[in-house]
Undergrad: 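The following block contains the structure, expressed as structure tokens.
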Amino acid sequence: MSATTPREDAEVGGRPLPPGWAAPAHQPGADGLASTTFTERARENLARPFQRTAIANATDHTVEALHQRFAGTAHDDLREQARQIRAHAIANLPAYLEQWVDRAEARGTHVHFAADEAEARRIVAGICAERGVGRVVKSKSMASEEVSLNSALEGVGVDVVETDLGEFVVQAMGDRPSHVIAPILHRTQAEVHELFSAMAGEELPDDPEALTGFAREGLRHAFLTADAGISGGNFLIAETGEVAMVTNEGNGRLTTSLPRTHIALVGIEKMLPRRTDLAVLLPLLTGHGTGQQITTYVSVVGGPRAAGEPDGPEEMHVVLLDAGRSALLGGEFEEALHCIRCGACQNVCPVYRQVGGHAYGWVYGGPIGAVLTPLFRGQADGGELSHATTLCGACDDICPVKIPLHDLLLGLRRRRVAEDAAPLGERLAFRAWGLAWSHPLAYRATTGVARAGLAVLARDGVVSRRVPGLTRWTATRDLVLGRRR
Ligand code: SF4
């Protein structure tokens, strides 16, 4: 197929798509986080009460399913095994990468290295241009969100169709994913019904099966007319040169096997030494991600179609994405690379559950977003996110690979202080506070004044009015000074 103008011929089930589809999708990362603050974004999201309900319902359900999934099993032993596998893989990443590349090339896979986001975009766009790709189908890939791949491809005349149902909705709405596993966690069925009815040009039944059927019809058409399929990858397997993927919708398999060319964009840290490591990591990824024993599809892709095979792509390319990862090796924040993107830390985070993923401003939300964003994007863009946490430790407790998110967040706060990245007023206030409380006399004097002042404002040991200097806290909560009588 020759290259086509992006979206000119975009259609679902043979019908042209409405203007909403043709609007350029909002590309996270392209805006620059520094243009808005976490507080501004959080406030905007808190003003969407349906979103808060949707997130609470979905995350409660997933966490409950997770606990049921592992009830009565040696869950902690499995987590410890997973931690050791991930720690070993990351500590020896250069050697395993070399091994993976050797094995993958021996299988006929073309391997590319992308040092940063721009290079990843250039490589994928180049592969498409050389092959006259007019349309790509994509299965879910957070790495492609990181590099803003869709807009880059659209910019060079490639029509991009997201095929994961949630991503399909997000793309059609001109929205962006808000959770690593469940992209439309923040959306309601009513919104999807309205969207699909507009796309169909008729009122569709407000029923999940009918709505999914509508999307399926259009997506089948996209699969059959696509020149290339782009996927992510959950794991790279060093001993075999394969890419492992988990999906629940079958779109991953169609993306990787139906079009002539398959391109996988995968972060270098997704490495596992052996295929048997999947026996430990997969149950944890799926159990912590969705509460399932295993996802509907587990695909292990190992190169293009071989002689005598009935299906598969003619060419397979893997783009290994660095974009800030190798800089973490051997450093204080190396453990952030152990993440397997299950989303469990988001589900239990009291901050994420209120403000949702978009408040974090980039691709990843919740505790892992607060860690990865400043590490991958820099302090100026994401440094403030280390404060978007209560430090309750719920994320540490639920992480399947035991990443000490709480410690990493504290480390990022320390780095922010060391780099003087916090606002001047905040820095001066904390410096004065630190100085005062280093001296017993000053400590006693200041706490004595605070105690006396609050005692005047309190009734029955509780301050229920706004306290100057503490208004952010006392505007919505009582300040309890002692036990209520
Ligand atoms: S940090 Fe842990 S809990 Fe959070 S997404 Fe990564 S693996 Fe899952």
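Ligands are counted one by one from 1 in listed order, and the atoms in each one are counted from 1 as well.
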Undergrad: Could you check Lys140 against Glu145 for salt bridge (charged side-chain N to carboxylate O under 4.0 Å, His left out), going step by step and ending with a plain yes or no?
TA: CA-CA 9 Å; Lys140 194 171 172 311; Glu145 299 285 343; over 6 Å; no
Undergrad: What's within reach of atom 8 (Fe) of ligand 1, meaning protein N/O/S atoms under 2.8 Å?
TA: Cys342 SG
Undergrad: When Leu321 is tested against each of Glu146, His112, Glu269 for side chain to side chain contact (heavy atoms under 4.5 Å, CB included), which residue passes?
TA: Glu146
Undergrad: Hey, what's the ring geometry for Phe214 with Phe196, parallel, tilted or perpendicular (30° and 60° as the breaks)?
TA: tilted
Undergrad: Once salt bridge (Lys or Arg N to Asp or Glu O under 4.0 Å) is applied, do any residues pair with Arg431, and if so which ones, sequence neighbours excluded?
TA: Asp420
Undergrad: Anything under 30° is parallel, anything over 60° is perpendicular, the rest tilted; go ahead and classify His317 against His110.
TA: parallel
Undergrad: I need the Glu191 CD to Asp175 CG distance, nearest 0.5 Å.
TA: 8.5 Å
